[in-house]
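Here the structure is a predicted model, which is why all the values come from computation and not from measurement. Counting starts at 1 for both ligands and their atoms, following the listed order.
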Amino acid sequence: MTASAGLPHPASDDEARQEFAADVRRGLLLRPRQLQARYFYDALGSQLFEAICRLPWYRIPRAERVLLAEHAAAIGVRLPELTTLVELGCGSGAKLALFVERLQRARPLRVRLVDISAAALELSARTLGRFSDVSVVGHRAPFVPGLRAAVARRPVQGSMLVLFLGSNLGNFHPPRAAAFLREVADCLRPGDGFLLGADLVKPEAELLLAYGDPIGVTAAFNKNLLARVNRELGGDFDLGAFDHVPRWNAAAARMESHLVSRTDQIVHVPAADLTVSLCSGESIWTESSYKYEPEGLAAMGADAGLVCRDQWIEPAARFALTLFTR
Ligand SMILES: C[S@@+](CC[C@H](N)C(=O)[O-])C[C@H]1O[C@@H](n2cnc3c(N)ncnc32)[C@H](O)[C@@H]1O
C-alpha cells in the first residue's frame, strides 16, 4: 500500500494524542458523561471489533456480505465507468475485497482506504493485496478529510464509488449524519455512486444480544476505551469498577453503549488535566448505533442531494444496502 501524504488531520502522533486528551476532557465533563466512539479503534480495539464480527449475535457483517456478494455485479452495471473505489472506515477490508472480487470490471481499479486506525489500514491493504489489477492507497484520517484527500487526486476520467459500510452511519446523531451525507455528496461528480450499508430497526431482544453478547467480547471492546485512556493519557480507570451496559432507546431508535460505574469513585487523567468524581450507577455513554427504516435511508440521501437507485434488504438480520448516485 502507498501511504497518503499531506493530510490535514492529525499532523503527528503528538497532535493526535493532544486531540484525544482534549476530547476526553470535554466528554467526561459533559452530563451525561461521554467518550467518542471513534476512539475505540486503537490496535487492540480494531482486533476486538474483528472478534465482534465473528460473534453469532452480531449479524451485521454476515448480512452485509450476503448483499455485497449478490449485488456487486448490478452495482457495476449501474456505474459502467467505475475506476475508483473509496471505502470510509475500511476496518479489515474483507467486505471491500469481496465486493472487488464480485465486481465485473473491464479496467484496473484504484482503491482508496480511509480510516483513523493504522491497524485497520494495514490489515485492509494486506487483504486487498491479492488483486493484481488493483492499486491501493491508504489515508489515515477522519472520514471526510480522508475522502477529500482521495478526491483531490482522482483522475479526470472514470467514475468513483464511495462505500460506507457496517452501519458506520449509525454512530452519528441525526444532524451529524445529515451533514455527513451532504459532505459526501459534495465530493461526488455526476455519475459517481455512494453505497451505504445500514442496520434496520429490529426487535429489542436481538439488539441487546448484538450489543451485549454473552461471551463478553462487546464488553471488552467498550472497556478498552478506558484502557486506552489509561495507556495513552496516564489515566487510572479501574476497569473492574465498570459494567458494560447496552440499552435500546426506542424513542430515538438507537442502541446505546454505556460504561456504568459500580461504585462512587474518583478517576484521574493527567494528560487531560482532569479529575472526575463518578457516583455509583453513573454512566459514561460511549456509543450510539442508530437503526433505520428503509424509506428513511432513501429520504436522508435525497435531503443531501443524492438519488436512491437501488436498495437491497437482507430480511433475516434486517440490514439494508442502498446505492445512491449524484
Ligand atoms: C465499525 S468498524 C467497520 C469496519 C468495516 N467498514 C466493516 O463494515 O466491517 C468502523 C471502522 O471505522 C473506523 N473509524 C471510526 N471512526 C472513524 C472516523 N471518524 N474517521 C475515520 N475512520 C473511523 C474505525 O477505525 C474502524 O476501522
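For the pair Arg247/Val260, a side-chain contact is recorded, criterion being any heavy-atom separation below 4.5 Å from C-beta on. Arg153 places none of its side-chain heavy atoms less than 4.5 Å from the side chain of Val137. Arg231 places a side-chain heavy atom less than 4.5 Å from the side chain of Asp42. Side chains of His173 and Tyr290 form a contact here, defined as non-hydrogen atoms less than 4.5 Å apart. Under the 4.5 Å side-chain criterion, counting only non-hydrogen atoms from C-beta, Thr218 is in contact with His244. Inter-residue side-chain proximity for Leu88 and Asn168 is flagged as unmet; no heavy-atom pair is nearer than 4.5 Å. Using a 4.5 Å cut-off on side-chain heavy atoms (C-beta onward), Phe319 and Lys202 make no contact.
Of all the listed residues (Gly89, Gly91, Cys53), Gly89 holds the heavy atom that lies closest to atom 6 (N) of ligand 1. Counting heavy atoms only, Ile116 comes closest to atom 23 (C) of ligand 1 of the residues Ile116, Leu121, Leu165, Leu123.
Considering backbone and side-chain atoms alike, Lys95 places an N or O below 3.5 Å from some N or O of ligand 1. Not a single N or O atom of Ala120, backbone or side chain, sits closer than 3.5 Å to an N or O atom of ligand 1. In terms of polar-atom proximity, defined here as any N/O pair under 3.5 Å, Phe143 does make such a contact with ligand 1. Backbone and side-chain nitrogen or oxygen atoms of Ser46 are examined, and none is located within less than 3.5 angstrom of a nitrogen or oxygen of ligand 1.
The proximity of Phe40 to ligand 1, defined as any non-hydrogen pair under 4.0 Å, does not occur for either the backbone or the side chain. At a heavy-atom distance under 4.0 Å, only side-chain atoms of Tyr41, from C-beta outward, approach ligand 1. Using a 4.0 Å cut-off between heavy atoms, Ala94 makes no contact with ligand 1 at all.
Applying the ring pair (Phe, Tyr, Trp, His ring centres under 6.0 Å) test to pairs two or more places apart or on separate chains, none has a residue in residues 96-116.
Within the structure, ligand 1 has Asn168 among the residues with a heavy atom less than 4.0 angstrom away. Cys90 counts as a contact of ligand 1, since one of its heavy atoms falls under 4.0 Å from the ligand. Residue contacts with ligand 1 leave out Gly197, since none of its heavy atoms falls under 4.0 Å from the ligand.
Between the side chain of Asp192 and the backbone N or O of Thr325, no donor-acceptor pair lies under 3.5 Å.
Of the protein's non-hydrogen atoms, the one nearest atom 27 (O) of ligand 1 is Asp115 OD2, 2.7 Å.
Heavy-atom contacts of Ala141 reach the following atoms of ligand 1: 20 (N), 21 (C) (cutoff under 4.0 Å). The Ser117 neighbourhood of ligand 1 comprises atoms 25 (O), with distances under 4.0 Å to a heavy atom of that residue. Ligand 1 places these atoms under 4.0 Å from at least one heavy atom of Glu87: 6 (N). The Gly166 neighbourhood of ligand 1 comprises atoms 8 (O), with distances under 4.0 Å to a heavy atom of that residue.
Classified by interplanar angle (parallel below 30°, tilted 30° to 60°, perpendicular above 60°), the ring pair Phe49/Tyr58 is perpendicular. By the 30° and 60° cut-offs, the orientation of the rings of Trp312 relative to His71 is parallel.
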